[in-house]
Amino acid sequence: QVQLVESGGGLVQPGDSLRLSCAASGRTFSAPTMGWFRQAPGKEREFVAVFRGGSSSTYYADSVKGRFTISRDSAKNMVFLQMNSLKSQDTAVYYCAATGKYSSACSYYAQLSIWDYWGQGTQVTVSS
């Protein structure tokens, strides 16, 4: 089992930045790929970014490309999401996820069903 705990959410204004953290514990070697999803009120959970284990490659949703950056500290079993130029549309609960599944196609990781573990989520509200 892998446990994931997110932190760093909060209330910010449009244009501000925020950094989310996710701490992983347990059998982390079994789920080396980590990612971020988000769910806005009344909407389905959607993919944000992935940091693939092994290759350390990253992939982003079009809606956040150029504004968000995913990074990882493997020594501390942590993954981060740096969010810049935040917009009201970014308001959502942000979830950290981990998986042991692999595909050479980055778009594979946008599917909810392939992720093995989920955190409880952290709220991000962007409002003036």
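Residues: numbered from 1 along the sequence shown. Side chains are part of it too, since the values below use all heavy atoms of this structure and drop only hydrogens, waters and symmetry mates.
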Expected output: side-chain [X] to main-chain [Y] donor-acceptor under 3.5 Å:
X	Y	result
T91	V126	yes
W115	G100	no
S103	Y108	no
T28	S25	no
T99	A31	no
E6	C96	yes
Y60	I70	yes

For this session: Please round to the nearest 0.5 Å and tell me the distance separating atom OG1 of T69 and atom CZ of R19.
Result: 11.0 Å
Exercise. Between S57 and R52, do the side chains contain an N or O donor and an N or O acceptor separated by less than 3.5 Å?
Worked result: yes
For this session: Give a yes or no on whether the ring-centroid distance for F37 and F47 is below 6.0 angstrom.
Result: yes
Taking C-beta and beyond as the side chain, do [X] and [Y] meet within less than 4.5 Å on heavy atoms?
X	Y	result
R72	M34	yes
D116	K101	yes
S21	M78	yes
F68	Q82	no
Y94	M83	yes

Problem set entry | Verdict with supporting geometry, L86 and L18, side chain to side chain contact (heavy atoms under 4.5 Å, CB included) | CA-CA 8 Å; L86 282 162; L18 204 59; 3.9 Å; yes
Problem set entry | Distance-minimising heavy-atom pair for A92 and R38 | CB-CB, 3.8 Å
For this session: Please say whether more than 12 non-hydrogen atoms of neighbouring residues, nucleotides or ligands are located less than 6.0 Å from CD in Q120.
Result: no
Exercise. Does atom NZ of K43 have more than 12 heavy-atom neighbours from other groups under 6.0 Å away?
Worked result: no
For this session: Take Y109 and Y102, measure what side chain to side chain contact (heavy atoms under 4.5 Å, CB included) needs, and give me the verdict at the end.
Result: CA-CA 9 Å; Y109 295 97; Y102 174 80; 3.6 Å; yes
Exercise. Yes or no on side chain to side chain contact (heavy atoms under 4.5 Å, CB included) for F51 and S56, after CA distance, side-chain angles and deciding distance?
Worked result: CA-CA 6 Å; F51 192 107; S56 297; 3.7 Å; yes
Exercise. Is the cationic atom of R45 (NZ for Lys, CZ for Arg) positioned less than 6.0 Å from the six-membered ring centroid of Y95 and within 45 degrees of its normal?
Worked result: yes
Exercise. Should the pair K87-D90 be classified as a salt bridge under the 4.0 Å nitrogen-to-oxygen rule?
Worked result: no
Seminar exercise, completed: side-chain contact (heavy atoms from CB on, under 4.5 Å) test vs L20 passes for just one of V79, L81, V48, namely L81
